[in-house]
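Structure record follows, encoded as structure tokens.
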Amino acid sequence: MADEVYRPWLWKIPEGGVLGKHVKVKDGYAKASGRGLYTRDIYRPGMLYAKFVRSPYTHAKIKKLDTSRAKALPGVWDVFTYDDVDLKSNWFNYKFFTSMVVGDSDSDMKLTKAGIDAHGPIADAYTKTDVANYNGQPMGIVVVAEGEDKCDEALKLIKIEWEQLPFILDVEEALKPDAPVLFPELTPDNNLRRETELTYGNMEKGFKEAEKIIEFTVEHDEMSWAGTEAMVAVAEWKGDQLECWFHGQDPKQSGQQAIEKIVKINKLTIHTPLQGGTFGGLSWMGVPETMILIAGIAAKRTGRPVKSLFDHSHFHGFEEALGSYRFKIGFKRNGKITAVNLHYTGACLIGNTVGKLHQASNIPNIQCTQSIVHHNRGPVGPQRAGAPECTVVTAVFDHVAGELGVDPTTIAEINDGCDGHDMSWVNENVKKVQGFDPARDSLKEVMAAGKKAIDWDKKWHLPGAKRLPNGNYHGLGCTWVEAWTHAWGSSEKIGLTMLRDGTVNIVARGCENGTHRPSTYTQIVASELGLRYDDVNWKNNDDPGFDVAPLGSSSGLLRNSPPLVRASRKLKQTILECAIKPRAGFMGPALGPLFPDKKPEELDLLNSEIFEKANPANKRPVASVAAFFSNELFAWDTSAINREKKYIMGRQAYFVEVEVDPDTGEVQIKNVVVSRDCGRIFNPDSCDQQLYGVYQGLGRSYTEVVYHDPRTGIRLNDNLIDYPQLTMNDIESVEIEKIETGLGYGPYGMIGLGESAACCTMTLTGPAIFNAIGKYVDSYPTTPDKILKALGKA
Amino acid sequence: MAKDTLAPGKFTRTAAQTVIKFVCPYDKLEFGSLEMLQEHVKAVHIEAPCAETLKLTVNGRVREVQVEPNRTLWYVLRDKLGITSPKDMCNGYGACGSCTVILNGRPILSCMTLAVECNGATIETAEGIADAGHPLIEAYTELYAMQCGYCTPGFVVTAKALLDRNPRPTEADIRDALGGNLCKCSSYPAHIRAVLVAAQELWERKTEEVR
């Protein structure tokens with residue numbers, strides 16, 4: 001499909017519209033006033049609550065289970081377990097729909113009878129029905145009662161005799177020969193769940209060509225979602241029709257796929273209220289699916305609406321970047337990297353941890369081997385997708401520059417490229433061929449803008465070379481990564497309907513979890529149609545069959561903006577055709593066309609008015625067409641996949657300035673500069689909001705870690721008092737530079753940016769600390785104790 | 001026939017009449033009045049909590065509710081009064097600020113406040129602040145001081161309390177006041193701008209009034 005309809009980057013933004021401009025947040029009042037409802041806020045008349053038994057142990061098997069006292073408690077309507085026929089016959093296999101990178105491909109998640117698959121959605125791991133594989137695991141033992149308190153009371157009455165089993169938390173320990181085997185039914189002899197290898201080029205040749213070779217290890221500890229709307233779902237049957245309220249990113253593939261086991265899709269309504277912090281892989285761990293399925297089953301069994309819910313679900317699951325990254329890098333004295341070898345041991349399930357290094361460099365020889373292990377930490381997923389890959393990119397470039405004793409930004413351009421090709425090759429064979437501007441160089445532009453904003457050239461110094469008057473070390477860190485957009489999933493149909501008053505509704509279902517989709521999608525449609533921003537709305541249609549592509553943060557804009565544009569253009573054509581048609585009279589004579597003796601191509605739309613191009617004073621409100629022809633004014637489209645090979649030509653760079661206290665090891669984050677190629681900006685404020693994700697990323701880089709008791713494995717700080725997230729006072733200033741090169745594959749050259757800041761800054765304190773104290777702290781988070789140890793003070 | 005279950009009494013509502021019963025939640029015995037029920041609970045279920053009647057003025061409306069002494073204000077606002085703006089991100093640890101309301105002029109964490117301590121109090125929530133036309137709402141909406149919005153009402157309430165006591169805050173004042181509100185989506189920088197803009201708008205309104 002190489003024609004222009006399916007090459008959205010060649011499209012031109014209509015003039016005079018609202019795309020790229022500041023507009024008000026569409027659902028701003030709802031959010032700011034507190035009147036917007038989240039799934040947790042849904043209360044139905046006569047509603048019951050469903051809660052789960054949670055494992056108090058890290059690895060244990062249920063030997064005896066007695067629910068009789070819970071069942072007998074007044075106010076308890078039902079107690080059912082994994083042995084119950086309703087659960088046994090309705091658990092489903094959730095397929096993760098596609099992989100995003102070369103190399104590792106998709107695999108199945110099996111939702112287990114014990115509640116939640118302990119290892120996340122991209123897994124072929126099973127857990128036993130009666131086995132808990134992590135502390136806090138929701139078991140397949142569900143209480144349904146009047147009120148949360150009653151559920152809690154009933155859960156305490158359930159008698160369980162547990163047999164504690166050996167557990168493993170450390171991913172390296174999991175591979176030792178004497179390690180207890182955690183899943184003998186899957187891997188009878190060891191804990192190696194998956195081993196992969198991916199090689200680009202010729203490693204032997206690459207290391208032979210190197211003038212220097214370095215080896216080092218980077219480690220990530222456990223970080224969690226913490227601080228989001230805890231997991232919940234509501235279900236209510238009306239005869240054989242089921243109405244649900246879903247908490248997750250993806251009502252279609254996630255919610256529907258689970259609930260269609262117990263109801264036909266055309267009898268199902270899934271509402272997607274506002275979503276509290278539903279980003280990343282929370283939607284991939286089987287949690288939203290389990291909640292909606294349990295709510296649906298419980299509602300059917302009791303004949304009442306049911307709200308199923310977790311406490312502490314924000315600590316259910318951890319960031320997939322956990323593990324150890326062993327690097328061997330070969331490079332020349334001018335900074336040109338000739339070979340990168342990485343062995344990753346850990347929990348990462350996404351697949352190709354060297355994907356971003358390969359996609360956004362000219363490094364010809366890259367090899368990645370991965371040992372993915374079984375463990376007892378719990379479900380794993382991307383808190384923001386892309387973190388392991390960003391860890392790799394930052395580590396490689398910073399260590400090469402450090403070894404050479406040079407400013408890291410000086411080795412950026414020499415290694416820039418795509419899929420192992422130099423940028424000159426990309427200019428000739430990609431940009432020119434696919435219709436991009438070969439004169440635009442994203443890396444050059446983002447580096448220049450970012451360095452200027454933080455005054456890099458003036459402030460950078462050799463590692464350990466600068467002490468401030470207050471005695472602190474001063475440090476500057478930098479990383480640069482491809483500006484990527486995911487392209488997962490596909491939409492169903494996205495419709496646009498113009499109503500009798502000339503306003504338009506976007507007919508589609510999708511979640512709004514903070515990426516301001518209602519605002520941005522409205523801007524696209526209003527701009528393409530030539531309507532005022534306020535004349536387009538997205539009320540979030542709740543019927544299956546009209547769905548935007550899922551994963552609102554990662555891939556929503558790239559997948560949904562092309563069908564929105566195409567549908568808008570179809571609708572606009574229909575409007576202009578109606579403008580020249582005779583109007584039917586209503587209880588009166590027929591009326592002539594609004595624009596007699598004109599052709600559609602002689603007309604246009606702007607500010608909700610149709611006008612004659614040759615004589616703009618000849619204009620009518622679009623409502624005057626809609627009043628007569630609204631029955632014809634509907635268009636739809638769907639996200640179609642263009643199979644052309646795509647290269648990631650956009651770049652982003654992050655800069656941080658810190659002070660390190662040599663006595664306490666404390667790091668003060670003074671300034672952060674984000675320099676991001678957005679390709680083409682649709683909503684500048686929404687872009688800024690996503691790029692403020694540096695707080696999230698730097699929190700994971702510096703402070704956030706989940707501690708486990710080494711003897712029992714239980715989590716010690718799974719609460720927001722003891723799990724230290726960054727507050728507004730933890731970064732002094734954040735500056736954002738947005739660049740538009742048009743080098744993205746989205747409409748008008750757009751590059752989406754839902755994941756960027758939180759992933760790219762996840763290991764940014766490391767380079768800054770190295771520049772400050774002259775020693776690497778390659779263990780994340782880079783907490784003060786580790787800095788003191790590097791300084792030889794602990 | 002609508003049917004609501006509210007502890008400890010059981011309410012049955014019909015089109016023609018409302019029947020109120022006072023039923024012991026522990027042994028289901030019925031009594032003729034709340035006072036008789038309370039005496040029974042004290043006498044028979046000595047250690048069990050019994051409901052009290054509280055009078056709260058919430059967003060300008062006087063509300064009477066019956067709550068057990070172990071209930072938080074957060075629970076009462078949401079489950080009894082249907083005011084859903086106070087949220088919970090920290091499971092009642094008092095760590096996130098998303099449950100903040102203004103109690104007798106002070107911002108407090110409703111998840112850490114017992115409802116029975118609030119008898120006779122005046123409470124403002126984000127809904128009331130919006131209904132009163134406070135410029136914070138417009139500023140937040142205009143300046144994109146939100147992403148998913150889950151923490152936003154808590155920020156708005158805390159900011160309103162700040163502007164009530166300090167109409168011309170500096171950036172440092174704002175950071176100090178809002179430092180206890182967590183935002184996982186990281187919308188932080190926009191909040192500072194929004195509060196400054198709202199403060200300016202309030203100041204201009206006041207100046208206009210004086211003229």
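In what follows, chains carry the letters A, B, and so on, assigned in the order in which the sequence lines appear, proteins first and then strands, with residues in each chain numbered from 1.
Put simply, of B:I192, B:D131, B:L143, B:L178, the one with the most heavy-atom pairs under 4.5 Å next to chain A is B:D131. Contact count versus chain A (heavy atoms, under 4.5 Å) is highest, among B:G94, B:A190, B:S186, B:G149, for B:S186. Per-residue heavy-atom pair counts under 4.5 Å with chain B were compared for A:I721, A:V25, A:V23, and the maximum is reached by A:V25. Here A:H22 is the residue among A:E148, A:H22, A:E512 with the most heavy-atom pairs under 4.5 Å with chain B. With respect to chain B, the highest number of heavy-atom pairs below 4.5 Å among A:V734, A:N683, A:I731, A:L37 belongs to A:N683. Contact count against chain B (heavy-atom pairs under 4.5 Å) is highest for A:D685 among A:D685, A:D27, A:D688.
Side chains of B:E138 and A:K24 form a contact here, defined as non-hydrogen atoms less than 4.5 Å apart. A 4.5 Å side-chain heavy-atom check between B:K184 and A:L720 finds every atom pair outside the cut-off. Inter-residue side-chain proximity for A:S519 and B:Y144 is flagged as met; some heavy-atom pair is nearer than 4.5 Å. Contact of the B:R175 side chain with the A:T727 side chain is not registered, since no non-hydrogen atoms from C-beta on lie closer than 4.5 Å.
Nearest approach of B:T141 to A:G28, heavy atoms of both residues: OG1-C, 3.4 Å. Between A:G34 and B:P153, the shortest heavy-atom distance links the atoms CA-CG, 3.6 Å. Minimum interatomic distance between A:Y29 and B:I137 (heavy atoms only, all atoms of both residues): CD1-CG2, 3.7 Å.
If you measure heavy-atom distances from A:V694 to chain B, you find no contacts under 4.5 Å at all. For B:I129, no part sits under 4.5 Å from any heavy atom of chain A, backbone or side chain. For A:D730, no part lies near chain B; criterion is any non-hydrogen pair under 4.5 Å. Heavy atoms of B:H134 lying under 4.5 Å from chain A are absent altogether. If you measure heavy-atom distances from A:Q275 to chain B, the contacts under 4.5 Å come from the backbone alone. Heavy-atom distances place the backbone of A:E732, and not its side chain, under 4.5 Å from chain B.
Within the model, atoms CG of A:L274 and OH of B:Y150 stand 11.0 Å from one another, a figure rounded to the nearest 0.5 Å. A distance of 15.5 Å separates NZ in A:K31 from OG in B:S85, rounded to the nearest 0.5 Å. To the nearest 0.5 Å, atom OH of residue A:Y692 and atom CD of residue B:Q147 are 10.0 Å apart. How far CZ of B:R78 is from CZ of A:R40: 8.5 Å, rounded to the nearest 0.5 Å.
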Hey, mind stepping through A:Y43 and B:T84 against side-chain contact (heavy atoms from CB on, under 4.5 Å) and telling me if it holds? CA-CA 10 Å; A:Y43 295 90; B:T84 53; 4.3 Å; yes

